[in-house]
**Q** 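Have a look at the structure that comes next, please.
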Amino acid sequence: DGGITQSPKYLFRKEGQNVTLSCEQNLNHDAMYWYRQDPGQGLRLIYYSQIVNDFQKGDIAEGYSVSREKKESFPLTVTSAQKNPTAFYLCASSITGGGSSYNEQFFGPGTRLTVL
Amino acid sequence: DAKTTQPNSMESNEEEPVHLPCNHSTISGTDYIHWYRQLPSQGPEYVIHGLTSNVNNRMASLAIAEDRKSSTLILHRATLRDAAVYYCILRDVLSNSGYALNFGKGTSLLVTP
């Protein structure tokens with residue numbers, strides 16, 4: 001089955017530790033995205049990548065880092081510099097990252113990160 | 001991208017139609033109107049999108065006002081599985097920021113038996 005996988009579903013870390021969240025897609029999509037969601041709030045964009053080896057900061061990139069070495073993978077690292085890392089993290093992908101035609105975003109199941 | 005305004009919550013009875021409104025008075029001519037929904041503890045899923053004309057698909061219908069300053073997502077027959085947060089999002093097709101979407105707080109739809 002084609003789709004987006006995020007692992008693990010729940011993640012606990014001690015304060016001050018870096019943690020990397022996994023996002024893999026087998027949809028052959030060029031573009032991938034990371035969003036953060038806090039309780040009762042909408043999604044906020046952290047980083048996005050329109051093509052391999054390229055990525056751009058979103059609205060709340062401070063304290064996060066990403067890499068895009070492979071088309072199917074877009075891992076997100078939550079660093080110790082992120083002041084409030086506890087949140088629900090969602091990864092998404094779309095066929096392309098630009099152009100005039102609309103491309104639906106497909107979302108993974110999310111990773112709920114709790115920093116103790 | 002232009003901003004949207006949605007009610008915080010709505011309630012519907014099962015098997016009745018639901019009309020979810022969205023105001024977007026500052027919409028530009030190149031903004032597409034998108035609707036996504038998010039079930040509890042899941043990632044959002046695409047529902048429908050449109051530019052000027054009304055749109056129908058297997059999940060819902062999208063009615064767009066003639067001046068495009070508002071739109072309505074119509075669920076023809078609500079089921080308990082339709083209980084979710086519904087997001088109305090505008091996206092400028094000419095934007096250079098990929099297809100990143102600006103999710104507001106959306107409308108939380110409660111469906112009662």
Side-chain angles (χ1 to χ4, degrees), chain A residues 3-6 9-10 21 23 25 27 29-51 54-61 66 68 74 87-112, chain B residues 1 3-9 20 22 28-53 55 57-60 62 64 84-110:
Chain A
I4 301 177
T5 56
Q6 292 185 246
K9 191 171 179 64
Y10 298 95
L21 308 185
C23 178
Q25 55 100 357
L27 300 168
H29 286 173
D30 282 328
M32 298 186 74
Y33 313 82
W34 274 105
Y35 294 88
R36 169 185 170 135
Q37 186 173 34
D38 293 289
Q41 304 296 313
L43 282 68
R44 291 184 291 169
L45 181 67
I46 305 173
Y47 268 97
Y48 65 98
S49 168
Q50 295 176 269
I51 199 166
D54 186 49
F55 49 83
Q56 287 80 40
K57 293 182 179 180
D59 300 321
I60 55 165
V66 294
R68 186 88 188 276
F74 191 40
F88 188 43
Y89 290 89
L90 288 154
C91 179
S93 71
S94 62
I95 294 176
T96 68
S100 60
S101 60
Y102 176 85
N103 289 300
E104 171 188 346
Q105 279 197 22
F106 293 83
F107 283 82
T111 292
R112 198 167 295 278
Chain B
D1 293 324
K3 187 178 176 180
T4 63
T5 303
Q6 299 178 253
N8 289 334
S9 62
L20 297 164
C22 181
S28 73
T30 51
D31 278 330
Y32 273 81
I33 303 162
H34 312 287
W35 285 83
Y36 281 71
R37 73 178 186 180
Q38 185 177 21
L39 279 64
S41 298
Q42 294 186 28
E45 63 176 345
Y46 166 83
V47 177
I48 201 165
H49 77 281
L51 183 61
T52 56
S53 304
V55 184
N57 66 20
R58 63 174 181 82
M59 289 182 70
L62 176 60
I64 302 172
V85 177
Y86 287 78
Y87 298 98
C88 172
I89 303 164
L90 299 185
R91 172 105 199 345
D92 189 343
V93 72
L94 299 180
S95 172
N96 291 323
S97 63
Y99 280 96
L101 299 173
N102 185 8
F103 289 79
K105 293 187 179 181
T107 296
S108 179
L109 175 66
L110 176 65

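Every chain is numbered from 1, with letters handed out A, B, ... down the list of sequences.
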**Q** Within this structure, what is the OH-CZ distance for the pair B:Tyr46 and A:Phe106, rounded to the nearest 0.5 Å?
**A** 9.5 Å
**Q** Is the backbone N or O of A:Gln105 less than 3.5 Å from a side-chain atom of B:Tyr36, with the two atoms forming a donor-acceptor pair by type?
**A**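 Yes; judged by distance alone, with no hydrogens or angles, the pair exists.
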**Q** Tell me if a side-chain donor or acceptor on A:Tyr35 pairs with a main-chain N or O of B:Leu101 at a distance below 3.5 Å.
**A**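 Yes, A:Tyr35 side chain to B:Leu101 backbone: donor-acceptor pair under 3.5 Å.
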**Q** Using heavy-atom distances under 4.5 Å, tell me whether A:Leu90 contacts chain B through its side chain, its backbone, both, or neither.
**A** side chain
**Q** Chain A heavy atoms under 4.5 Å from B:Ser108: which part of the residue, side chain, backbone, both or neither?
**A**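 For B:Ser108, neither part sits under 4.5 Å from chain A.
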**Q** For B:Asn8, does the CG atom have more than 12 heavy-atom neighbours from other residues, nucleotides or ligands under 6.0 Å away?
**A** no
**Q** Considering non-hydrogen atoms only, spot the tightest contact between A:Arg112 and B:Ser41 and give its length.
**A**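 Where A:Arg112 meets B:Ser41 most closely, the heavy atoms are NH2-OG, 3.9 Å.
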**Q** Where on A:Gln41 is there a heavy atom nearer than 4.5 Å to chain B: the side chain, the backbone, both, or neither?
**A** both
**Q** With a 4.5 angstrom heavy-atom cut-off, which part of A:Arg44 approaches chain B: side chain, backbone, both or neither?
**A**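 It is neither, since no heavy atom gets under 4.5 Å.
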**Q** Where does A:Gln6 contact chain B at under 4.5 Å (heavy atoms): side chain, backbone, both or neither?
**A**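 Neither the backbone nor the side chain of A:Gln6 comes within 4.5 Å of chain B.
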